[in-house]
Each structure stands twice: as C-alpha cells, then as structure tokens.
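So you know, we letter chains A, B, ... as the sequences are listed, proteins then strands, and number each from 1.
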Number of protein chains: 4
Amino acid sequence: MTCSKESLRLQYQQIRAHSLSLASGLTAEDQCIQSMPDASPTKWHLAHTTWFFEAMLLRPYAAQYRVFDASFHYLFNSYYEALGPRQPRPQRGMLSRPGLDAVHAYRQHVDAAMEAWLEDLDDTQWQALQPIIVLGLQHEQQHQELIVTDILHALSCNPLLPAYRHNDAQPSAVSVATGPVRWLAHDGAMVDIGHDGQGFAFDNETPRHPVWLQPYAIADRLVTCGEYLAFMDDGGYSRPEFWLSEGWATVQSQAWSAPQYWLQGDDPRLKERGGDAGWQIFGTQGVQPLDPHQPVSHLSFYEACAYAEWAGARLPTEFEWEASCSASELAQAFDFVWQWTRSAYAPYPGFRPIPGPAAEYNGKFMVGQQVLRGSSAATPASHGRLTYRNFFPPAARWQFTGLRLARDL
Amino acid sequence: MTCSKESLRLQYQQIRAHSLSLASGLTAEDQCIQSMPDASPTKWHLAHTTWFFEAMLLRPYAAQYRVFDASFHYLFNSYYEALGPRQPRPQRGMLSRPGLDAVHAYRQHVDAAMEAWLEDLDDTQWQALQPIIVLGLQHEQQHQELIVTDILHALSCNPLLPAYRHNDAQPSAVSVATGPVRWLAHDGAMVDIGHDGQGFAFDNETPRHPVWLQPYAIADRLVTCGEYLAFMDDGGYSRPEFWLSEGWATVQSQAWSAPQYWLQGDDPRLKERGGDAGWQIFGTQGVQPLDPHQPVSHLSFYEACAYAEWAGARLPTEFEWEASCSASELAQAFDFVWQWTRSAYAPYPGFRPIPGPAAEYNGKFMVGQQVLRGSSAATPASHGRLTYRNFFPPAARWQFTGLRLARDL
Amino acid sequence: MTCSKESLRLQYQQIRAHSLSLASGLTAEDQCIQSMPDASPTKWHLAHTTWFFEAMLLRPYAAQYRVFDASFHYLFNSYYEALGPRQPRPQRGMLSRPGLDAVHAYRQHVDAAMEAWLEDLDDTQWQALQPIIVLGLQHEQQHQELIVTDILHALSCNPLLPAYRHNDAQPSAVSVATGPVRWLAHDGAMVDIGHDGQGFAFDNETPRHPVWLQPYAIADRLVTCGEYLAFMDDGGYSRPEFWLSEGWATVQSQAWSAPQYWLQGDDPRLKERGGDAGWQIFGTQGVQPLDPHQPVSHLSFYEACAYAEWAGARLPTEFEWEASCSASELAQAFDFVWQWTRSAYAPYPGFRPIPGPAAEYNGKFMVGQQVLRGSSAATPASHGRLTYRNFFPPAARWQFTGLRLARDL
Amino acid sequence: MTCSKESLRLQYQQIRAHSLSLASGLTAEDQCIQSMPDASPTKWHLAHTTWFFEAMLLRPYAAQYRVFDASFHYLFNSYYEALGPRQPRPQRGMLSRPGLDAVHAYRQHVDAAMEAWLEDLDDTQWQALQPIIVLGLQHEQQHQELIVTDILHALSCNPLLPAYRHNDAQPSAVSVATGPVRWLAHDGAMVDIGHDGQGFAFDNETPRHPVWLQPYAIADRLVTCGEYLAFMDDGGYSRPEFWLSEGWATVQSQAWSAPQYWLQGDDPRLKERGGDAGWQIFGTQGVQPLDPHQPVSHLSFYEACAYAEWAGARLPTEFEWEASCSASELAQAFDFVWQWTRSAYAPYPGFRPIPGPAAEYNGKFMVGQQVLRGSSAATPASHGRLTYRNFFPPAARWQFTGLRLARDL
C-alpha cells in the first residue's frame, strides 16, 4: 500500500484523536483499573499505542528523538520479547503512576515528534518505513476496540453498572428488523483466500492462496437475541449434547447460564429500577432491555457452537465466510458483532511474519484460538476488511462476539 | 469512658480531618487501586470509615438523617454480616465509581449530619450512644494506619517505586542509636492483664483478669535491621532448623529471602539510581539505604520466630509484653513497629463482644492469627495503648511489624 | 520413665504387631492410595514407622546394622529436615513400588535388627537411648490412629463406600444412653498443667507449670449427634452469626452443610440400599444410620465453635479440660472423640524440644493449629493420657473430632 | 467394513488378551495409581474397555445379559454424557475397590457374554452392530497405548524410576542409523484426504474430501534426539524468538528445559548409578543413555514448533503428511513416535459423528487440540493407518510424540 505523506499525516491525526475521544467520558479512576488479566486499563491503551510509535519508529529511526521517559519502555511494552522485559500483563492496573495527565503529555510528545520526523523523512526512508507507520495506526485502531471492550468489562464489575456512554447512535442501539434466515448456497469451488495486496493488511492475512471449498450454505444474517433466548429456553445451558467437551466443562465450572452481560430481571443490581422487566443487557449505554431483533453478542466460541448444534447447523469456516462475503451476499457482515468461525487460527500456507520487532505482532499467537470474521459496533469505521482475521481463545466472551450459521450441502 | 460532647466533637473533627490529610499527596488514581485482596484502596478507606458512622449511628438513631446514596450501604460495608451483603473484598479496586469527589462529598454529608445529630442528642441518648461514636473514631484511626500500609503496598507494586510522602519527620526516618540489648528480668508472678476501664478500649482487651507468669526476661529494645542482616548473612533463609514448619513452607513457596520491601542493590528497579549501594528499603519516603540501627520492619510472624530461634531467644507472650511495658521498662514499645508476640489471638476469659452490629468488630477473628503489641510509626498519635491487641495472620508482612526478644529464666 | 528391657521388648512386639493387624483387612491396592495431601497411604504408615526406628536408632547407634534399602531413607522420611530430603508429602500415593510385600519385609528386617541391638545394649546405652525407643513406639501408636483416619477418608472417596472393618466392637458402634448435660463448676484457682514426669510424655506436654484459671463450668459429657442435628435444623450452616469469620468463609467455599461423612438419605451413593432412611454416617463399619445418642464426630474446630455459640456456651481451654479431667469429673473424656479446645497450640512456658533429630517432632508445628484433648475410638488402648496435647488445623475434619461444652461462671 | 463373525471373534480374543499382557508385569498397586488427571490407572483402562462393550452392546442389545455389577456403569464410564454420570476423571485413582481381581472377573464375564451373544446374532443384527463391535476393539487398542503412556508417567513419578518392562525388543530400543534429512518435494495439487471406506476408520477421518495443497517439502525422516540436543545447546529453551507465545509462557511457568523424561546426568535419582554419564532418558525399559540417532519423543506441540522454527522449517499440516505418506515416501511414519502437525483438530467438511452414544467418541473434542499423525512404538501393531487422526492438547508431553519437519516451496 502506498499513500501520500500528507494523507497519512491526516490519518495519523484523526486516529490518534479518536483514541482520546473514546476515553473522553471516563474519569482518571475509570481509566486506571484493570478488571481481569485479559483486559487492560484505558490509560494503558493510550500509552501503549503511543509506545508503539516510539519503540518501532522514533527510537530506532529518528535521530533527534528525545525519549519522553525511559521507564515507559518497560511500562508500556505489551508482549514484544525482542524489545525487552515489561510490566506483567496482570499488573497493568497497578500503574496509578504515571497519571493520566502524564500519559496525555506522552501522547503529545510523541505526536509532535512523529510530525517533525515525518516531515524530514526522505523518499527512501518513506518507502521503507511507511508500512510501519500504517501498522502503528492499524494497531491503534485495534486498541480502540479494546478500549471499549475492556472498559465495558471493568464497568460491569461495578455493582452500580455505570454506563460508558450515553446518547451514542451506535449500531447496537439501533433496532434491526429481522426476517427469517435466507440460506445462501455456494457450490464447491476453488476460491482465492487472503489479502490481494491492495491497501493495508496484517501479515496473517497473507499470502493469498487457493482453497477448495465443498458445497455449503450460509445464513444471510446474524443470529439474534430472540433466537438465542429460544435456545436457552430449550435448556441450552443444561443439555450436554449440544456442547463441545471443553465448552460443557466451562459452562459447569463458570456456572454460565446466559451470554456475558445478560442480567435476569431479578438481578439484585437492578433492584432500584423497580419490578422485574425481564432480561436486560448491560452494554455501552448501560442497562437496556433485551431486544429480540438485535444480533446476540458476548458469546464464547463454545456457546456459538452449542447454539449452532441446537439449530441443526454449524459455524462457517473462515474460508466460507470470506468467499460468501466477497460475493457481497452477507448482510450484517460488518459493524454488528465479530462472527466466530469453525477455523482455528493458523498460518496460511507460506505465511511469514513481517520482519523486525513487529514480527511478534500476529504469528506467535497461532495456536489455541479461533478466527472471527467481520467487525463489530466497537470497531473503528475504517478498520474492517473482507480478509481480516480476528482471533480469541474459545472461552472469551468480553468481546463483541456473535455468530452466523452455516451448513453442509 | 465519658467525655464531654464538646471534647468529642473536637476529636471527631480532628480525626476525620487527619484521614483526608493522609490522602492529600495521592492522586485519585492512587486512591482507587487495590494491590492485593488484603489491602484496600485509600478511597475505600475514606468511604468505609464514613459508612461506619452512617450505618451504626445515623441510620438507626438519627430520625432526620437522609441517606447520601443508598448503594453505599452495599459498597462500603466491610465484613458486617448483620448489616447485609457487600462488595466482595477482593473487588474493592473495581470501584472507579463513585469517584473520589463523590466520596469526599459523602464524608462532608455524614460529618454535617453527625454534627447536627450530636447537637440534638439528649442526655440519655448521649450516655447510650457515646461509646459507639468513640468506637467510630477509634475505628477510623485503625483505618488511618491501613491507609498508610495499603498504599505503601500498592506503590511497591509499581516498578517506579514512587514515594508516598516526602520530607515527613516520621520516626522511621530518625536514626536511633542502638546499644547492646539489656535483658529486663521479671520474676514469676500473678499479673493483671487487660483493660482497667479508664478510657477507651476495644472489647477484645477485656475483661481484665489475672494471669500467672513464669519467670522471664525481655529485651529493652527492638531488633534492628543490622541484627536481622546478620541473621540473613548466617543463612537464615536457607536453614530450616530455625523455622516453624509452616514458615519454612512459606519461605520456599514465596521465595522469601529478606523482609518485604528490602531491595538488593542490583534490583533492576534501582538501575537508574546508579551503581549498587547495598541493601535499600522501600518505605513511605521512597527508597532509602538500609540503616542498621533502625528497628527491622515488615516481617511476618514466621520470620520473627526464626530470628528469635537463631538468636537463642523467643518471642514474648502478649502477657509478658504487657507486664513489662506496664512497669515502664520497655523502650521503643510504641511508635516504631508493632511487635509480634508468641500469643495466638484468643478471647480473654469471660470475653463477650459488645452488643449490636459492632459485635462482629473483633471477636469473629479469634482464630489463626497472632497478637501484636505496641504500635508503629504509622499508628495515629493518640491511638496506642498498653493493653491494645493488634492481630494479623502469621504470614502477613505488609504491616509495620517487627519484634522484641524474650527468654525464659 | 524407665522400664525393663524385657517389658519394652514386649511392648515393641505388641505395638508393631498391632499396626499390621490394623491393615489386615485391606488389600494392597487399598494400602497404596492417598486421597488428599494430608492423608497418607496405609503402606506408607507401615514403612514410615519402621523408618523411624531405623533413622533414629539403628543407623546412628547400631554398628552392625545393614540398611535394608538405601532409598527408603528418602521415601519414608516424613518431615525431618535434619535427616535430608524426602518424597513430597502429596506424592506419597505415587509409591506403588516398593510393594506391600517389600514393606512387610522391611518391617521384619528392622524388627529383627532392633531385637538384636536391644539385646546387646549396655546399661549406659540403655539409659541414653531407651527414651528414643519409647518415643518410636508412641510415634507408631500415633500412626495407628492415622492409619484408621486416613483409610476412612480414602474409602469415603470411593463411591462404593466400602467398609474398613466389619463386626468390630468399637465404642463408636456402642449406643450410649445420654441424659441432660450436667455442668461441672470449677472455681478460679491456680492449677498445675502439664506432665509430671511419671511415665512417658511428649515434649510438648512439658514443663509442668502453674496456670491461673478463672471460674468456669464444663459439661460432663460430649455433644451428641442428636444435639448437633438440632443445630443444623435451626439453620446452623446458614447463619453467619454463629461462626468465626474464617469458619464462615470455609462453610461457603467448601459448601459444608453437615459433618464430614454424614450422608443425606437421598445421597445417590445410597441408592441401591432402597428408600430414604434419613441421615446416615459413613464410618469404619461402613454406612450406618445416625444414632442421636452417639457423640458427634468429624467436626472442624469451626463447626465446634459455631455449635457452642449456638448453644450459648463456648469450648473449654485445654487448661480447663485438664483441670476438670484431672479431678476425674469428665465422662467420655477418652476413647470416643478428640475434643477441640479453645486453645491454640503453643509452647508451654520453658518448653524446649527434645534434643537430636526428634526435636522436629512437635515444636515446629506450634502455630495455626488448635489443641484437642482426650482420645478417640481410633486411639490405641494404651496411648491416651491426661496431659496429651493433640493438634490439628481448624478446618480439619477427617479425624475423630468432636466437642464438649464449657462456659464462664 | 465387513468381516466374518469368525474373524471378528478371533480379533476380539487377541485384542482383549493383549490388554492383559500389557499389564502382566505390573503389580496390583501399580495398576491402581493415577499420577495426574489426564492419565488413568491401568486397572481403570482394563475395566473401561470392558465397560464399553457392556454399555454399547450387551446392555442395549443382549436380552439375556446379566449385568456384572451395577455400580460399574458409573465407575467405568469415561466421558459419555448420554450414558449418565460417572466417577470424576481426577478421582479414578481412588478406586482401590473394585480390586484388580474383580476387574479381571469383569473382563471374563463380559468376554463370555460377548462370545455367547455374537454366536446368537442373526444376519440383520450382525450387519447393524458389527461396526460397534469393531469400534469397541479399536477403542481397546487406543487404550492399550494409553496403558503404556499412563503407567510410564506414573512410574516416572516414583523416585526409584522402576522399569515398566525389561528385555522387550521395542523399536525405541533399536538404534536407527540416521543420515542427513532428504527433503521430499510435493507440487501444489488437489489431493483427496480422509478415509476411503475400505476397512475400519473413526468417524473423524471422514468424509474423504479434496484439499488443495500449495507446494511444500517434507522430511523423509523424524527429528532425532541428537538434533534436538543441538537445539537445546543453542539455547532453545531460553530464547523466546523460537516459541509460540503460549509455548513460551508454558516453558517459564513449568520450568521446562528438556523433553519430558530426559534426565541430566547429575539428577539425584540417578545417584546410585555412579558418576554423571550425560543425558539419560526414562522409558519403558527404565533409564537408558540418550541415543542421538533415536527419534526425539515426549515433546509438546510447543516444543515441536520451537524446534522447527529454530531449524528454519515448520511442521507439516496433516494434509501434507497424509499426501506424502500416501505416496509411500515417508520413512518412520509409523511405529516410532506420533508426529505433531500444524493442523488444529477440526471436523472435515461434512463430518457427522456416528449415531448413538458413541457420537461422543471424537467430535466433541474438536477444539483446542492439535492433530498428530502416524503411530508410535506404543501403538498396537494392527492399529495404525494412513488417515488416522490422533489429537492432544498442545502442552501434552506424556505421549510418545515427536516431529518431522516440512517447509514451503
């Protein structure tokens, strides 16, 4: 991908500003807490995305760059072994210092340095380093989604169930009329899967390669809350026959009986709202009544599989998803919920990580996780992509994750 | 104990103000974090001590009282089963809301209500309820010490090792000339132990009762850092013969090799301070070089016992401590470090908890803990007392805990 | 204590034979399994008690002694740090080898060597070492009780609930007529506590020393199953007001709702016995209907305290128990169940462990445990003693442990 | 697959007898112990494989069948939810009863019943049920391998390191001359993967379906101990750049520094064998010196991937393995070690579990595991197969698992 310096600078400004706007309604205290090892404080996200530009670009390539604070290299490295030791992930919530103000100053310092450095880059450097700058922006967009999912989890641990945002016109708040599922058939065929080189893609979407698909059908839309409720009402969480063995073990050990963030009407945390009004869902807007037409969200892979089994269907593979999405047949492919696929996260044939320290970006996570496709209401507007491969462990539920059905033909 | 309304009102104001002054150098973020289940956020301490007055006095006895926020009854209850369910202890750090400002407003609201209610109390009520008011103040003083110990632990989890305070003239910063230990002999005798009813005491200090003591000797001063270092240099942490069985198991499972907060000169967190300057200690003033004349602090009971065994001595019982302290023979009895005793925390003969919900204050913890006597540099000035029984589990090290030796005669 | 060589040799033979007889109904498989880290396989007990004689006497003092198997020194050391590393306690159940036959051969080898060595001991040696021989026999008797308690636990983990023994005339199988409790009053007095030097005692029973007792009353008999059932029926396990804080936490985390080994009539493991016949108790004779007149057994200290609180009483201290037992006033003091006391296990004033490697026998466990007095149906006949101090952690329930009430006067 | 009744009866006898022969050198104690939740006692394997015939065939289809012991249905069910509750997996080692003799009697009882029932089957029944009988035999063969792997693990937990077998002429004991790896190239092509319907296969090997392969090369032989040692000597276990993120975390948390069962020459368990003779490996024959020409075994998937990365290669996919093996190009494909592949265990397109309770046999495990291909020295002779898909979690090391390299072309 190539783009002009000017256009990239503009993108840089917009994307960097968007991170701050996501944090704008949150107090410094909100931005400091870590509710589980997998989720990070908002403040940490704001700092880490800044660290990425500093560590990957300014430190190695900007001769004039003055490091903002030497200790930040340790504090805000996420998982890059090649870049040295780091604050342990489960301890990110211990960082009351540096304070939020210092993190804001860090952002400004790095932004100014990036601006100046970009200005001075000659053409050869620009060609060589522009991909890392773009990667840094894509990286920041990934963390923008995590800012939302992680603060949602943190706020859900507060018995007051405070709303992250009010009055947002987010897709998840827009009721969607839902008709019966239409099954889109696909004949067996050889399809090309992966990124074609136009525009940005992560290394894990490459190389583009042929895959043979057996005949299948895929649902034109997502599974809804109403449909999922029918599964629950049919004993879904107490009938092992629908579940993968690990899924069933998790249901029992974690006492799951509904998607994450679903609250029964008699939940003590809802007491002050008056009588039992049936199922409620905690989301970015706070607690809202369950809307049966909305796509179901905050499911683990296990729950997605169990639902599909109950429905006499299965999850699509990531290849089926991409083939059908490529044919423009799928409604709700983007901007609602990430869609679990039946595909384990693995390297494409011929995959090589990008060189340099960013080699650790994707490849080293290729075991024990499942691919999700599409994008969610929390994904930044310009970030989704046909070939995008998101991935999470099968028990993860704090992301905006749902499903679309498929079946063999 | 009786005192005038006016004198109590003054005490109330002073003690309540002192809590805020202890938090004054801390950011809202600092005051929000919880570094382990046993330690609580500063903000929580500020709110809980306020809750105590609201729950024990204003709610039951002040007819005019308007509750500040109904949810606080759940959020800031510590462990009083009789007063309903509560935020789980390990989840206190999830409370980014209510924010620090709201907690300050809560304090002002309750303080104003207490002032007005006190004003209106008639004599009978005053006689009946004054002990609970005093208890609330003593309770707040206990939490003042915990504010210090808990924030010290939280800051110790930050690799920046930020100082809680600068420039304080705390006893722990005052070098103490130490001579050889003098052994104060005590003949076997019947002594009266426990509180005599003059002034305030917790229920666990009563009833006063006779105890027969066998002859013993007790050290006139505390064990110092220099003496403890000699134990370490003699292989103290690798020689099981000095340790209680549980202590030795803890040394191994927790990889203890020094008191909590001791840092070896080559600790990576000290890197930016230049070369290896030998043992350092992290304390309320930040990192300071070990002073061999200072009392050793932040020891577990296990470490205290192992040191004593190595030194050919033992810990005193709480009765021996009280008898010798009562005779005004002990230096450094108060204001340095709490002193582990060989006595398990158990009820005195005839002990009954105070009636009402405060019955849970002390009695229900009388198993599995050891008594500590004296007081520490973090104990509020007016809070120490000859008969005071502090208690912690034998593995606890984040309090200001040290030891004084004793031996049989 | 002194006794003749001949009498000791006889004792040795009888006690050693009794260990084997306790294992006689068990298969080699039964004797191999370990059901929890705190319980040991029967085979291990048989070997470890033999190791004690080998390690404490034959290896250091019998010049002619040929070690049976060098590896046994590692395999069958229990917790003696001074005698080198050892098989980790939770891994004792991994020792399918050496087989039971080899352990029997080991016993014979050591018994023969002991016999020969005893024969040859001159008078000086006899005086010096006889206490260790006696200690070894007392030690073996302690393990005889553990053989019973540990196999009972192991068999209780088998859904078949096999009986350890049939047809034994054990006290626990003898119905005991129970009248109303009589309260035996004791005036405040100075009493002498601890062993007086006549006959054997463990080091932890010494030195004998005066203790001042406040006036109290103690129940003439044990609490029965019927009485405990009344506590349960009154919501005992769901009312926090009766419980120590740690006890209540344990009740909830372990989901306790009855003493260990009590089975509700509809327990699935009882299905094949036909309809619901009410509470059953699993014991050495297998499953038996609850007998309301029997002393309640297999209680933790927490449960004993909660029962006492519910009953408006308390547990006796170990000193009260000893004083009243000494006066021959207590029925059921011995041979039924060990009786939890309110006393934490701590050294008597002037306590010193016996010298040599057996110093680790008792002293190093003097923290975090409660003293039990009396003896149980599983205690060997000649083993109980007025001054005997048994000790277990407060949550332990797999021993034959019950209670007797006391109260202040 | 069809075969004659007579031939099946013969197979039945041979396979059933082989299970007993595998246990023949083990004591009843050996056969009773469970060394970790993933491994089962030998006795349990002997009983469970018998239970399979009883539960899947005799109970539902043999009208005359008299159940041997009703409780065995609970005790020896492994994971079949449809067949009711069962002894929890981690508690299989608690089953000292039924004894080994009873399990032998159970086997004889079921074998006799199977023989009689087979005799009486009419043609329709034979056609319908013969696949389940064959499944039962394949199932028993799988457990035959587990008998070996599980007892090896159990014996490895014994500090005596007893040998499972002596004098066996097993492949693992036969030195294999190893030349340089030859890389077998494969052009991109469509290949048919999965079982073709001739002879037995598990449901997870079906349906046969086309897969497109990109060009690759695969090693003609397995990676050897000598080669793996070179990886170790090059810092393999301390260089994160070779490892998947989860693998690196496991290396650190488990302190891995060599394959399971490798012992350094100075291991204390080898002390009695004399001086340090370099690396030793504990195997079915006991401790043997490392033979550099032998295939490396007892590796996790993580270690296999890290080795491959270090070697500048990768693991083959299961499809590449099957395509090259099908072309008869691979040496050491069978009978040495199972070979980790880069393929996550997932359903083939169109996969449906076999109907009935055996539906739970394979399908419900299709998440979080990696496919292994080939077979091992512990696999029964007639059990391996080109299309066989073995599967284990990526951290598993107690199986006979190694690797073969591949690379992209």
Side-chain angles (χ1 to χ4, degrees), chain C residues 23 25-36 39 41-44 47 67 69-77 84-88 90-103 150-164 268-273 286, chain D residues 23 25-36 39 41-44 47 67 69-77 84-88 90-103 150-164 268-273 286:
Chain C
L26 301 171
T27 66
E29 290 151 280
D30 292 333
Q31 297 189 45
C32 187
I33 64 176
Q34 178 173 34
S35 53
M36 62 169 173
T42 309
K43 182 172 71 177
W44 186 91
V67 162
D69 185 319
S71 68
F72 285 21
H73 195 61
Y74 175 92
L75 295 177
F76 300 120
N77 181 358
R86 70 214 69 91
Q87 177 75 349
Q91 298 290 310
R92 290 174 184 167
M94 291 301 100
L95 301 177
S96 62
R97 319 277 178 98
L100 183 58
D101 288 348
V103 167
D150 292 0
I151 196 67
L152 189 61
H153 189 270
L155 296 174
S156 80
C157 294
N158 189 321
L160 303 177
L161 293 173
Y164 162 55
R269 287 166 294 177
L270 303 177
K271 212 164 28 187
E272 287 168 35
R273 291 160 209 257
Chain D
L26 302 170
T27 66
E29 291 151 277
D30 293 333
Q31 298 189 46
C32 188
I33 63 177
Q34 178 173 35
S35 52
M36 64 168 172
T42 309
K43 182 171 74 175
W44 186 92
V67 162
D69 185 320
S71 68
F72 285 22
H73 195 60
Y74 175 91
L75 295 178
F76 300 120
N77 181 358
R86 69 214 72 88
Q87 176 76 348
Q91 298 290 310
R92 290 174 183 167
M94 292 299 99
L95 301 177
S96 63
R97 318 277 178 96
L100 182 58
D101 288 348
V103 167
D150 292 0
I151 196 67
L152 188 61
H153 189 269
L155 296 173
S156 81
C157 295
N158 189 320
L160 303 177
L161 293 174
Y164 163 54
R269 289 168 291 177
L270 304 177
K271 211 163 31 187
E272 288 168 36
R273 291 158 210 260

Measure C:I33 against the heavy atoms of chain D and call it side chain, backbone, both or neither at under 4.5 Å. side chain
Just verifying a value: how many Å separate D:L160 CG and C:M94 CE, rounded to the nearest 0.5 Å? 13.5 Å
Quick one: of C:C157, C:P159, C:S71, C:A28, who has the most non-hydrogen atom pairs under 4.5 Å with chain D? C:P159
Minimal heavy-atom distance between D:R97 and C:G25, with the atoms involved, is NH2-O, 4.1 Å
Which atoms of D:P98 are under 4.5 Å from chain C, going by heavy atoms: the side chain, the backbone, both sets, or neither? both
Applying a strict 4.5 Å limit to non-hydrogen atoms, the region of C:P268 in contact with chain D is neither
Contact class of D:L95 relative to chain C, heavy atoms under 4.5 angstrom: both
About how many Å separate SG of D:C32 and CD of C:Q31, when rounded to the nearest 0.5 Å? 11.5 Å
Please classify the contact between C:Q34 and chain D as side chain, backbone, both or neither, with a heavy-atom cut-off of under 4.5 Å. backbone
Top of D:L75, D:D30, D:L155, D:L26 for chain C proximity - count of heavy-atom pairs under 4.5 angstrom: D:D30
